[in-house]
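Okay, structure first, notes after.
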Amino acid sequence: MKALYGDDSPIAALATPKAESALALIRCSGKDTLSLIARCFSAPAQLERAPAHSIVYGWLNNAGEKIDSVLVSVFHAPRSYTGEESAEITCHGGVAVVEAVLKTLRAAGFRAALPGEFTFRAFMNGKLDLTKAESVMEIVRAKTDKARERAVQRLAGDLEAQIQDLKRCLLAILAGIEIVLDYPDEELESDREIPDTQAACAVLERLRALSASFQQERLYQEGALLVIAGRPNAGKSSLFNRLLREDRSIVTPVPGTTRDWIEAWIVIEGLPVRLVDTAGLHDSSDTLEQLGINRSRELASCADLVLYVIDGAHGLVPKDEDFIRASPVPLLPVWNKADTAPAPEGYRAVSAKTGAGLADLGKDIAAALLSLPDREIPTGIASERQKSLIDRAVEALEGGLALVQAGQTLDLIAPHFRDALTALGEITGEVSTAELLETIFSQFCVGK
Ligand SMILES: Nc1nc2c(ncn2[C@@H]2O[C@H](COP(=O)(O)OP(=O)(O)O)[C@@H](O)[C@H]2O)c(=O)[nH]1
Ligand SMILES: [Mg+2]
């Protein structure tokens with residue numbers, strides 16, 4: 001892949017799904033794109049003379065045979081997605097039509113684009129930094145509107161701007177150190193201490209906040225695992241159905257009805273949530289039921305949040321208290337059956353039967369998952385890659401500051417600050433390797 005990535009040879013790929021549809025879009029980019037398409041186009045001269053951002057209508061022909069009537073959108077370098085001369089061919093959306101158009105383009109001199117190759121070229125030509133390139137993939141994959149919104153903020157440059165600002169701060173601190181290193185004998189007029197530890201601590205704080213933001217951004221992207229647990233008959237399945245707004249899980253007055261687990265994807269306050277209804281937690285002599293119970297415990301132990309349903313008709317019993325206390329993951333207690341008796345102070349009261357309290361419960365769940373009640377979180381980091389680089393910068397800065405504290409000399413301290421700076425440069429892509437780029441862009445779809 002590396003050998004092919006990174007040249008400007010003409011490439012073409014279908015950008016829309018390979019399925020019967022009204023229209024399909026085939027993207028072309030690279031050297032001589034327009035004159036290559038002109039070779040198989042009914043109005044070649046018009047296409048080659050077409051102004052930027054115009055559309056030309058005509059027929060695509062292959063060896064004298066009419067393939068399809070198409071529209072060609074024309075982009076001149078550098079005003080295109082990739083920064084190269086490009087075109088988008090809109091043809092009819094049949095699977096066979098698309099195949100025939102691609103075959104025609106191959107005959108004219110285009111090769112099939114690799115996954116993410118268009119965006120890769122856009123990055124190489126300075127159209128976007130790596131945080132923006134990664135957000136393109138996020139937008140395509142966003143499951144909810146909120147997830148899409150957050151990715152769009154990164155595409156608009158919110159994250160890049162934060163990283164650039166952190167780099168400026170670090171660079172200023174480093175410049176202070178380098179001057180002393182370069183001119184050790186000069187009397188420098190500075191009212192600041194060298195290195196500027198106060199500024200470094202401020203950068204460190206912001207980096208730590210960014211590192212923590214990944215947990216939340218990941219929830220928006222991948223969704224949260226929310227497991228409903230509780231004793232038999234507490235109303236777990238009723239609550240599951242309520243949250244799902246359909247009767248999926250079987251509800252009966254007989255304890256031990258749900259023996260396996262049932263799951264469904266729902267959206268809570270813009271967060272994609274994988275909701276799981278489990279078997280009631282109690283000891284059973286029935287082997288099959290006991291297996292279900294064991295699975296319930298396993299699921300509950302790897303959840304992002306456990307929704308622990310208390311049977312309001314019976315109140316809190318020692319078994320409930322034990323489970324709540326022992327939970328290895330965050331747990332939200334819910335007092336169900338509030339229609340039968342009032343809930344005690346401090347509990348979220350709901351009734352799976354009437355639906356009372358369900359909207360507030362949704363807010364509680366989102367707040368518990370994001371661990372930031374009632375507050376919009378700023379744009380954070382969105383990939384494992386970004387997270388590991390932020391953490392590297394945090395470690396480097398911590399290391400540097402520890403040396404300052406220990407009274408070490410500047411020549412020993414400086415490399416730590418430089419390393420932090422390099423890590424941030426890797427996030428935006430100013431510092432990059434072929435391997436890194438390949439890993440990122442190969443995750444894209446073909447045509448992106
Ligand atoms: N009054 C009342 N009954 C409920 C409520 N939620 C569930 N139930 C009843 O409690 C029984 C057990 O419910 P189910 O959802 O199967 O509990 P699970 O065993 O925890 O899954 C059923 O008869 C439900 O109709 C509620 O909010 N109020
Ligand atoms: Mg049940």
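Read the numbers this way: they start at 1 and go in the same order the structure lists the ligands and their atoms. Small disclaimer: the values here were computed from a predicted structure and weren't measured. We count residues from 1, following the sequence as given.
Taking any N or O of V350, backbone or side chain, none lies under 3.5 Å from an N or O belonging to ligand 1. The distance criterion of under 3.5 Å between nitrogen or oxygen atoms is met by A234 with respect to ligand 1. In terms of polar-atom proximity, S237 is counted as a contact of ligand 1, with an N or O under 3.5 Å from an N or O of the ligand.
Here the two rings, on F323 and Y308, have centers that are under 6.0 Å apart.
Here the closest heavy-atom approach between residue A12 and residue C28 is recorded as CB-SG, 4.1 Å. Of all the heavy atoms in V98 and C91, the pair that sits closest is CG2-SG, 4.4 Å. Across all their heavy atoms, G380 and R150 have their closest contact at N-NH2, 4.4 Å.
Contacts with ligand 1 closer than 4.0 Å are made by side-chain heavy atoms of D339 only, the backbone lying farther away. If you look at D277 next to ligand 1, there are no close heavy atoms at all, none under 4.0 Å.
Of the options K353, R231, R242, the smallest heavy-atom separation from atom 2 (C) of ligand 1 is shown by K353. By heavy-atom distance, the residue among G230, S238, A338 lying nearest atom 7 (C) of ligand 1 is S238.
A heavy-atom distance below 4.5 Å is not found between the side chains of S29 and E117. Residues I55 and V72 form no side-chain contact, since every pair of their non-hydrogen atoms from C-beta on lies 4.5 Å or further apart.
Those atoms of ligand 1 that come under 4.0 Å of a heavy atom in G235, given as number and element, are 7 (C), 13 (O), 14 (P), 15 (O), 17 (O), 18 (P), 20 (O). Heavy-atom contacts of T340 reach the following atoms of ligand 1: 1 (N) (cutoff under 4.0 Å).
Within the coordination shell of the Mg ion (ligand 2), defined by N, O or S atoms under 2.8 Å, S238 is absent.
A cation-pi arrangement is absent between K143 and Y220, since the terminal nitrogen or guanidinium carbon is not both under 6.0 Å from the aromatic centre and inside a 45° cone about the axis.
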